[in-house]
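Note that the structure is a prediction, hence the values are computed from the model and not measured. All ligand and atom numbering here is 1-based and tracks the order in the structure. Hydrogens, waters and symmetry mates are skipped; everything else that's a heavy atom, side chains included, is used.
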Amino acid sequence: MERKGKEIIGVDVNELISLLNKALSDEWLAYYQYWVGAKVVKGKMREQVVAELTQHAGDELRHAGMLADRIIQLGGTPVLSPEEWYKLTNCGYEAPENPDTIPILKQNIKGEQCAIEAYKNLSEFVKEGDPITYQISLEILKDEIEHEDDLISILEDLE
Ligand code: FE
Ligand code: FE
Ligand code: MG
């Protein structure tokens with residue numbers, strides 16, 4: 001059935017859905033990078049790093065849910081296969097091959113900085129044409145800025 005909620009969107013809806021699926025792919029990769037990082041990390045301040053990585057993993061999974069719900073409201077389909085994540089991602093995936101706390105923190109800071117840029121771009125794309133996605137992108141952007149700040153604070157304590 002036609003959706004009124006889709007009719008009121010003032011940007012190209014297909015382009016918007018494709019941007020949301022790119023962000024969704026980023027979130028799943030970020031989720032796994034944090035989740036597996038929290039499992040393998042060792043070294044100085046391990047416990048604090050595990051707690052932070054685990055908390056951020058949960059946030060990224062929640063972001064994925066917000067994006068998937070919005071894609072469905074817009075009449076789109078959230079990415080259905082994990083192999084698509086690598087094709088669509090803005091920010092990629094860095095395997096925590098060096099399990100020491102410092103390189104793991106640095107990898108994830110890099111990921112957050114990319115995410116901040118990506119959500120700034122998404123929020124600009126929807127600012128005029130889609131207030132709902134605008135609100136969602138600002139809410140996620142706020143979390144990513146907090147994530148970057150949390151990781152930098154731990155890294156500064158370590159260095
Ligand atoms: Fe996120
Ligand atoms: Fe984040
Ligand atoms: Mg945190």
*Without swapping roles, check the side chain of T89 against the backbone of C91 for a donor-acceptor pair under 3.5 Å.*
yes

*Between K87 and E84, is the closest basic N to carboxylate O distance under 4.0 Å?*
yes

_Between K4 and E7, does any side-chain N to carboxylate O distance fall below 4.0 Å?_
yes

Under 3.5 Å, is there a donor-acceptor pair linking the side chains of [X] and [Y]?
{"X": "E52", "Y": "H147", "answer": "no"}
{"X": "Q33", "Y": "E94", "answer": "no"}
{"X": "H56", "Y": "N108", "answer": "no"}
{"X": "E144", "Y": "H63", "answer": "yes"}

*Assess H147: does it contribute an N, O or S atom lying under 2.8 Å from the Mg ion (ligand 3)?*
no

*asked:* Which atom name does E52 have for its N/O/S atom nearest to the Mg ion (ligand 3)?
replied: OE2

_Minimum-distance atom from the Mg ion (ligand 3) among N, O or S atoms of D150_ = OD2

*Which protein N, O or S atoms lie under 2.8 Å from the Fe ion (ligand 2), given by chain and residue number?*
E60 OE2, E112 OE1, E112 OE2, E144 OE1, H147 ND1

